[in-house]
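For reference, the structure is listed below as C-alpha cells.
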Number of protein chains: 2
Amino acid sequence: MELRTLEYFVAVAEERSFTRAAARCHVVQPAISQRIRALEKELGEPLFERLPRQVVLTSGGAALLPHARACLAAAAAASLEFADRSGLLSGTLVLGTAGGLEGTSVPRLLGEYHRRYPGVQVRLTGAPSPVLMAQARSGEIDAAVIAEPPGGLPHGLGSRCLLEDRFVAVLPAGTRDPDHPMTLAEAARCPLIGYGSGSGAHAFVRDAFAAQGLQLDIAYATADIALQVTLVAEGIGIALTSYTNPLLRLDQRIVVVPLEPAIRLRKVLAWRLGNRPGPPLRAFLDLLTELPHTTHPTSATAEAPQDPQPAPQD
Amino acid sequence: MELRTLEYFVAVAEERSFTRAAARCHVVQPAISQRIRALEKELGEPLFERLPRQVVLTSGGAALLPHARACLAAAAAASLEFADRSGLLSGTLVLGTAGGLEGTSVPRLLGEYHRRYPGVQVRLTGAPSPVLMAQARSGEIDAAVIAEPPGGLPHGLGSRCLLEDRFVAVLPAGTRDPDHPMTLAEAARCPLIGYGSGSGAHAFVRDAFAAQGLQLDIAYATADIALQVTLVAEGIGIALTSYTNPLLRLDQRIVVVPLEPAIRLRKVLAWRLGNRPGPPLRAFLDLLTELPHTTHPTSATAEAPQDPQPAPQD
DNA sequence: TGGCTTTACGTTTATCGTAACGATG
DNA sequence: CATCGTTACGATAAACGTAAAGCCA
C-alpha cells in the first residue's frame, strides 16, 4: 500500500468515476484501474462496485476511505510543514509559448500561480509550436501553450484545452460590414498577412484553404499581431489571424470579419506525460482545473483585455 | 513521498543507524541511504545528522517524525481492518529445508507463526541444499533453512543466522571418552557414515579434511540422522554429523565426541532478495528478529528437544 | 584497520501510456 | 453507437543489490 495508490483511491471515491479520478490525478484512466485493482487484490476484497452509470464504494471501500484520508492528511501535513520552512513550493516551471497567450486565461493563471507559490521560478520561453512540442516531449520545458495541431498532438503529450479560438479576417476599418462573413475564396484573392509556414497556426489556415481547393499564399508572414494589424491599417492587405487578441477589439483602424467556413483552433496547454509531473507543474495543472476559466473567447477577452500581467521571475 | 520511504525514515530514526534500519526493513543498507537522501532532497533539508558513532535527527527530521508515524499508523490501521475481515494475514509461506530443523529455533518459530497468522498456509518442502538455494533464488520457495556454504551464499540471497552448529563424531557407546576429541586423521581411518556428496553439509567436512591433506570417503551416505545413529550403534563405523540433533543426546547406544579441529557450520534462513519480501515472509522474518532465539546449540537443544511441533497446514 | 555511510553502476521490478476489447445503456 | 472500465503489451523510470570508494574512530 503506497501513498499514491491511496491518492488514486480517494480520487475515485470522491469523483465516483475512474475517468474523472484520472483527470484529477493527471494520469490516464487505465493507470487508475490497475492500481485500484492491485489495491483490491492486496486487501483481498473489492473496494468499488462498478455500476453502469457510476462507481460506488463497497463496504470495504467505505472502511478504507477514512484511513486513506488520514494517511494522506498526515503526509500533506508533513509536506506543508516543510513547505513553510522553505518557501511553500520551490523549483522551476518552464513554460513555452508560441505567442498568443493574450485572450487565454494563462496570464490570470500565472498571476494566481505566482501569488500562491512565490518560491517557484517561472520562466517563459518563446518558439514555434513544433519546436515547443519537441521541447515538451524531451523535458526541456515543462509545458507549452500551443495550438492543437490538426492531426492531434504527437504521442507522449497530455493536453488541456485553454481556449476555443477561431480565425478571423482583419480588414481596414470601413471597408466592410463586420456582420458579413468572408469566404475563403474571397480572402484568397487578397494579399494575405498572417502566420508564416513555420508556425503551428499556419497549418490550420492552409488545410482549410486546401479543403476548398485553394492555395494559401501569405504575402506578409509574421507572428506579431500588432504588426499584422498595422499592416492591415496601412492597406497592405487583409490579415487572417486568431480572434482572441485584444488588439483586434481595441484598434479603431481595423474591422474584424468572421470567416466562412469557420477555421477553428484549440489553444491547449501541452505537457509531457509518462511519469507524473513534478510538483511545480502539478500545482499549475491543479490551478487550471480549480480556477474557473472559460474556453470561450468572447467573455474572456471582454472582461480582461488589460489584465495586470504578473512579471514572471526570469 | 511514499509510505515505504516513511517506513525507512522511521526505522532509521528509531534505530539511530542506517545499517540497523536496513536489517529491520529487510533490505540492504544503500537502499536506505538512497531513499533517505531522496526524501531529504524532496523536502529540501537534511533529516539526519550523520555522526561518526550514531545518527541523530535534525530539527527537520524531528518535525517529520510524528507525521510519518501518523501516516504509517493510518496505513497500518487500514491493513489491520482488512486483516480482521479476511483472517489477519493470508497467503502462503513455502519453506524449504534440507533437514536438520531440529535443534534450531525454527520449530518454535513456526509454532508462534502459526498462532499469529492462522490464515497463512505454511508448506514445508525438502530437498538438498543446492536445490533449495536455486529454488529460493527463482522464487519457487520463499525461504530455505540450509547450512551456509563454505564460500558464502550465492548472490541474490539474503540470510539470517539460525544456529552456530558444528560437526561431531558419533561412536558406539563405551568405545571412547566423550571428553577426548577426535582428530580428523583419526576419523579418516574409520569407516565413515555421513551426508552424501549431494548434500550441502558434505562440503564442509570434505573441505576440512582437504585442509589437513585428508580425503573424505563416506562409506554410508545418508541425510537421515536416525539412520546414521543406528548404523553407528550397529558398529558399522563412526558418523560425522551435526551436533545439534536431539537424537545424539537421547540415544544411549552412542557417544558423541568433538572433532579436532572443529568443523563449524552456520545454519541460516536464506531468502531471495531483490524486491521486498511478500507479507507472509516478511512476517516470518520479523518474528525471527522479534523472538529471542539463541544461535548457540547447547541451551536450545537442552530446553526443547521435543517441542510441540505445529502441524503445518498442507 | 574496521565499521559505517556514500557513490556509481547494472539489473530487475513496477508503473504508466497506448491500443484494442468488452460491457452497458 | 457512444461511454466507461478492462486487458494486453511495450517503453520508460524507479528501486534495489553489488561493488568500490570515502570517512572518521
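Values in this document were obtained by computation on a predicted structure and should not be read as measured data. Throughout, protein chains are lettered first and strands after them, A, B, ... in sequence-line order, and every chain is numbered starting at 1. Computed from heavy atoms alone, side chains included, the values below leave out hydrogens, waters and symmetry copies.
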Nearest whole angstrom, please: distance from the [atom2] of [N] to the [atom1] of [X].
| X | N | atom1 | atom2 | value |
| --- | --- | --- | --- | --- |
| B:E15 | C:dG3 | CD | P | 19 Å |
| A:Q34 | D:dC9 | CD | P | 13 Å |
| B:I32 | D:dC16 | CD1 | P | 8 Å |
| B:E49 | C:dT6 | CD | P | 13 Å |
| A:R137 | D:dA13 | CZ | C1' | 16 Å |
| A:H26 | C:dG17 | NE2 | C1' | 17 Å |
| B:L273 | D:dA15 | CG | P | 18 Å |
| A:F18 | C:dT24 | CZ | C1' | 16 Å |

Do the side chains of [X] and [Y] get close enough for a salt bridge, i.e. N-O under 4.0 angstrom?
| X | Y | answer |
| --- | --- | --- |
| B:R116 | B:E290 | yes |
| A:R69 | A:E14 | yes |
| B:R24 | B:E15 | yes |

Here's a test of your reading of the structure: between A:N275 and A:P52, which maps to the more 5' nucleotide of DNA chain C? A:N275
By nearest nucleotide on DNA chain C, pick out whichever of A:L157 and B:R16 is the more 5' one. B:R16
Verify the contact: side-chain N or O of [X] to OP1 or OP2 of [N], cut-off strictly under 4.0 Å; return yes or no.
| X | N | answer |
| --- | --- | --- |
| A:Y8 | C:dT15 | no |
| B:H155 | C:dT11 | no |
| A:T19 | D:dG5 | yes |
| A:R276 | D:dA14 | no |
| A:R37 | D:dT6 | yes |
| B:R53 | C:dC4 | no |
| B:S17 | C:dC4 | no |
| A:R35 | C:dC16 | yes |

Counting only side-chain heavy atoms from C-beta out, which of C:dG17, C:dT6, D:dG5 sits nearest to A:Q29? D:dG5
Is there a donor-acceptor contact under 3.5 Å from the side chain of B:R50 to the main chain of B:F48? yes
Where the side chain of B:R276 meets the backbone of B:R4, is there a donor-acceptor pair that is under 3.5 Å apart? no
Look at all strands and tell whether [X] reaches a base, only sugar-phosphate, or nothing, counting heavy atoms closer than 4.0 Å.
| X | result |
| --- | --- |
| A:R272 | sugar-phosphate |
| B:F48 | nothing |
| B:V28 | base |
| B:R4 | sugar-phosphate |

Quick check on salt bridge (Lys or Arg N to Asp or Glu O under 4.0 Å): which of B:K267, B:R266, B:R160 does B:E148 satisfy it with? B:R266
